[in-house]
**Q** 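Structure below; questions to follow.
Scope of the values below: all heavy atoms of this structure, side chains included, with no hydrogens, waters or symmetry mates.
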Amino acid sequence: MSTALIMATTEQWRRTGPHMPDGYEPVPHQVAGHLYTDGKEGMLRPCGDSNGKLLKPVQRPPKGQRELDFYMAVFQPQSPESAVSAFRPWIPHFDGVVSLPNKQRYLCLNDLVAPYDHPVVVDIKVGRRCYDDYATPEKVRSEKRKYPLQSTLGFRIAGMRLYNSENDSYISYSKPRCLALDEPGVASALRNFFGGCMGDLSEVLAQLQELQALFEQQTEVHFYSSSLLVIRECSNKAEQRASVHMIDFAHSYILSDEQARGVDDNYMFGLSNLITALSSFKR
């Protein structure tokens, strides 16, 4: 992304968003979740050289603590072979919690997009339902109204950012645009994401099938309203392959020995349907 475009975007966010700590800027490739453009606390990175790190705000309890607990459990050094540690290759590396002068706490995470020169990014929320077992009736109704196709598709596009090489700019799919997508629209958007690159499509499918194999075995963690972040390179940087990552764990539950465990059917339903949808592009 050009320096001029980053500076212009940052200045817009400074005018419209909440107070931003000095020395930090919004993460320009964030496509979903809480955004500074929505007047909320979004993800930040240090201005200039971010060393491949970003800061994600810790949400209010219990969601923020739940996400923090998940990261701590996965990266706990005392038990590197625990069941939840199997998710380490799939999630951003966690480097602890940072407090800034704005009194906000942040998760310090690896910036998954940093290795890419001209990245395109799509955030896909996975699961036939995005509310957990503790959701209020009002929350359940709200989520069902938000995107009725979620229960049949098992996933939805939460946000997407495509690169236009002709004028070195990006095209974003906003939240309202994504929520308005019908089933053919979802397929069309995902085709646009891959831009006819069958190599990247094959790479993403291989990683999704590897993740599917993990979910067929693991029974310790159940995920709601979690997303898959898919990234691919649009320049000639051939050595940078497309990649798949799990993000957003505010509604992720590590089940105790006393709780009834089982395969996470909710997540598996969405993941399997996503693999089927992408596989159809190869026919």
**Q** Would you indicate whether the side-chain heavy atoms of Ser243 and His245 approach each other to under 4.5 Å?
**A**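 They are in contact (side-chain heavy atoms under 4.5 Å apart), so the answer is yes.
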**Q** In the structure I gave you, are the side-chain heavy atoms of Cys130 and Lys125 within less than 4.5 Å of one another anywhere?
**A**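 When only atoms from C-beta onward are counted, Lys125 and Cys130 do touch, with a gap below 4.5 Å.
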**Q** Does any part of the side chain of Val221, heavy atoms only, come nearer than 4.5 Å to the side chain of Leu255, both counted from C-beta?
**A**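 No, every pair of side-chain atoms sits at 4.5 Å or beyond.
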**Q** Not counting sequence neighbours, which residues clear side-chain contact (heavy atoms from CB on, under 4.5 Å) with Ser174? List them please.
**A**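 Ser174 satisfies side-chain contact (heavy atoms from CB on, under 4.5 Å) with Pro176, Arg177 only.
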**Q** Linking I/L/V/M/F/W/Y whenever any side-chain heavy atoms sit under 4.5 Å apart, do Ile247 and Val97 land together?
**A**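 Unlinked, Ile247 and Val97 end up in two clusters.
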**Q** Going through the distances and angles, do Leu278 and Phe193 end up as a side chain to side chain contact (heavy atoms under 4.5 Å, CB included)?
**A** CA-CA 11 Å; Leu278 297 183; Phe193 173 80; over 6 Å; no
**Q** Hey, what do you get for OG (Ser172) to CG (Leu162), rounding to the nearest 0.5 Å?
**A**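 Taking OG in Ser172 and CG in Leu162, the distance rounds to 8.0 Å.
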**Q** Among Asp248, Asp123, Leu211, Val122, which residue satisfies the side-chain contact (heavy atoms from CB on, under 4.5 Å) criterion with Leu228?
**A**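 The residue from Asp248, Asp123, Leu211, Val122 that satisfies side-chain contact (heavy atoms from CB on, under 4.5 Å) with Leu228 turns out to be Leu211.
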**Q** Identify the two heavy atoms, one from Asp264 and one from Phe223, that lie closest to each other, and give their separation to 0.1 Å.
**A**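 In this case the closest contact between Asp264 and Phe223 is OD2-N, 2.8 Å.
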**Q** Between the main-chain N or O of Lys144 and the side-chain N or O of Gln150, is there a donor-acceptor pair closer than 3.5 Å?
**A**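 Answer holds: no.
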**Q** Under 4.0 Å between a side-chain nitrogen and a carboxylate oxygen: does that hold for Arg129 and Glu143?
**A**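 Glu143 and Arg129: not salt-bridged.
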**Q** For Asn164 and Ser169, indicate whether the former's side chain and the latter's backbone hold a donor-acceptor pair under 3.5 Å.
**A**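 The answer is no, because no donor-acceptor pair under 3.5 Å joins these two groups.
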**Q** For a ring-ring contact (aromatic ring centres under 6.0 Å, His included) check, start with the C-alpha distance between Phe87 and Phe215, then their side-chain angles and the critical distance, and finish with the verdict.
**A** CA-CA 10 Å; Phe87 289 102; Phe215 271 87; 5.8 Å; yes
**Q** Which heavy atom of Pro119 sits nearest to which heavy atom of Glu233, and what is that distance?
**A**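 Scanning both residues, the minimum pair turns out to be N-OE2, 4.4 Å.
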**Q** Check the pair Asp132, Tyr253 against side chain to side chain donor-acceptor pair (under 3.5 Å), reporting the backbone distance first and the verdict last.
**A** CA-CA 9 Å; Asp132 59 37; Tyr253 293 87; 2.6 Å; yes
**Q** Group every Ile, Leu, Val, Met, Phe, Trp and Tyr by side-chain heavy-atom contacts under 4.5 Å, then state whether Leu229 and Val120 land in the same group.
**A**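 Hydrophobic grouping puts Leu229 apart from Val120.
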**Q** Is there a donor-acceptor pair closer than 3.5 Å between any side-chain N or O of Gln104 and the backbone N or O of Val58?
**A**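 Answer holds: yes.
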**Q** In the structure I gave you, are the side-chain heavy atoms of Thr276 and Leu274 within less than 4.5 Å of one another anywhere?
**A**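 A side-chain contact is absent here, since even the closest heavy-atom pair is not under 4.5 Å.
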**Q** Could you pull out the closest heavy-atom pair between Pro92 and Leu109, with the gap in Å?
**A**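 Closest pair (atom of Pro92, atom of Leu109, distance): CB-CB, 4.1 Å.
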**Q** When you compare the side chain of Leu179 with that of Lys146, does any pair of heavy atoms fall below 4.5 Å?
**A**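 Lys146 reaches Leu179 side chain to side chain.
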**Q** Counting only pairs under 3.5 Å, give me each side-chain donor-acceptor contact of residues 64-74, with atom names and distances, residues two or more places apart or in other chains.
**A**
from  : atom 1 : to     : atom 2 : distance (Å)
Gln65 : NE2    : Asp69  : OD1    : 2.8
Arg66 : NH1    : Ala250 : O      : 2.6
Glu67 : OE1    : Lys56  : NZ     : 3.4
Glu67 : OE2    : Lys56  : NZ     : 2.8
Glu67 : OE2    : Phe249 : N      : 3.0

**Q** Indicate the atoms forming the closest heavy-atom contact of Ser99 with Arg105, along with that distance.
**A**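 Scanning both residues completely, I find the closest heavy atoms to be OG-CG, 3.6 Å.
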**Q** Would you call Tyr131 and Thr136 a side-chain contact if the rule is heavy atoms closer than 4.5 Å?
**A**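 Of all side-chain heavy-atom pairs linking Thr136 with Tyr131, none is under 4.5 Å.
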**Q** For the side chain of Tyr147 and the backbone of Leu181, is there at least one donor-acceptor N/O pair under 3.5 Å apart?
**A**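 Yes; judged by distance alone, with no hydrogens or angles, the pair exists.
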**Q** Check whether Gln30 reaches the backbone of Gly42 with its side chain - one donor and one acceptor, N or O, closer than 3.5 Å.
**A**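 Answer holds: no.
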**Q** Let me see the working for Gln212 and Ser272 under side chain to side chain donor-acceptor pair (under 3.5 Å), right down to the final yes or no.
**A** CA-CA 7 Å; Gln212 184 181 41; Ser272 299; 3.0 Å; yes
**Q** So, for Tyr106 and Pro21, which heavy atoms are closest and what is the spacing to 0.1 Å?
**A**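 Heavy-atom minimum between the residues: OH-CG, 4.5 Å.
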**Q** Without swapping roles, check the side chain of Arg156 against the backbone of Ala158 for a donor-acceptor pair under 3.5 Å.
**A**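 No; judged by distance alone, with no hydrogens or angles, the pair does not exist.
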**Q** Is the shortest side-chain heavy-atom distance between Lys53 and Arg45 below 4.5 Å?
**A**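 Not touching, per the 4.5 Å side-chain cut-off.
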**Q** Given the rule in the side chain to side chain contact (heavy atoms under 4.5 Å, CB included) test, do Glu210 and Trp90 qualify, once you have shown the distances and angles that lead to the verdict?
**A** CA-CA 10 Å; Glu210 185 179 348; Trp90 297 101; 3.8 Å; yes
**Q** Begin from the C-alpha positions of Leu55 and Cys108 and carry the test side chain to side chain contact (heavy atoms under 4.5 Å, CB included) through to its verdict.
**A** CA-CA 5 Å; Leu55 302 180; Cys108 183; 4.0 Å; yes
**Q** Set out, in order, the CA-CA distance, both residues' side-chain angles and the distance that settles side chain to side chain donor-acceptor pair (under 3.5 Å) for His29 and Asp111, then state yes or no.
**A** CA-CA 10 Å; His29 50 260; Asp111 184 352; 2.9 Å; yes
**Q** Taking side chain as C-beta onward, heavy atoms only, is His118 less than 4.5 Å from Ser165?
**A**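 Of all side-chain heavy-atom pairs linking Ser165 with His118, none is under 4.5 Å.
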**Q** Before you tell me yes or no, could you show the steps for His93 and Phe75 under ring-ring contact (aromatic ring centres under 6.0 Å, His included), namely the whole-Å CA-CA distance, both residues' side-chain angles and the distance that decides it to 0.1 Å?
**A** CA-CA 8 Å; His93 189 272; Phe75 289 99; 4.9 Å; yes
**Q** Would you give me the side-chain donor-acceptor pairs under 3.5 Å for residues 194-209, sequence neighbours excluded?
**A**
from   : atom 1 : to     : atom 2 : distance (Å)
Asp200 : OD2    : Arg232 : NE     : 2.8
Asp200 : OD2    : Arg232 : NH2    : 3.4
Ser202 : OG     : Met198 : O      : 3.0
Ser202 : OG     : Lys282 : NZ     : 3.0
Glu203 : OE2    : Gln207 : NE2    : 2.9
Glu203 : OE2    : Arg241 : NH1    : 2.8
Gln207 : OE1    : Val244 : N      : 2.9
Gln207 : NE2    : Ala242 : O      : 2.9

**Q** Can you hop from Phe269 to Ile124 via hydrophobic side chains spaced under 4.5 Å?
**A**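 Not linked; separate clusters.
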**Q** Mind checking whether Tyr116 and Tyr163 have ring centres under 6.0 Å apart?
**A**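 Centroid separation for Tyr116 and Tyr163: 6.0 Å or greater.
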**Q** Tell me if a side-chain donor or acceptor on Asn110 pairs with a main-chain N or O of Leu112 at a distance below 3.5 Å.
**A**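 Between the backbone of Leu112 and the side chain of Asn110 there is no qualifying donor-acceptor contact (under 3.5 Å).
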**Q** Please name the pair of heavy atoms, one in Leu149 and one in Glu183, separated by the smallest distance, quoted to 0.1 Å.
**A**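 Of all heavy-atom pairs spanning Leu149 and Glu183, the closest is CD1-N, 3.7 Å.
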**Q** If you apply the rule side chain to side chain contact (heavy atoms under 4.5 Å, CB included), what do you find for Leu54 with Leu44, and how did you get there?
**A** CA-CA 6 Å; Leu54 59 77; Leu44 299 176; over 6 Å; no
**Q** Test of understanding: clusters of I, L, V, M, F, W, Y form through side-chain heavy atoms closer than 4.5 Å, transitively. Do Val121 and Ile157 belong to the same one?
**A**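 No, Val121 and Ile157 fall in different hydrophobic clusters.
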**Q** Same cluster or not: Ile231 versus Leu271, using hydrophobic residues (I, L, V, M, F, W, Y) connected whenever any side-chain heavy atoms lie under 4.5 Å apart?
**A**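 Looking at the clustering, Leu271 is in a separate group from Ile231.
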**Q** Taking atom OG of Ser280 and atom CD1 of Ile275, what is their separation to the nearest 0.5 Å?
**A**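 Ser280 atom OG to Ile275 atom CD1 measures 12.5 Å (nearest 0.5 Å).
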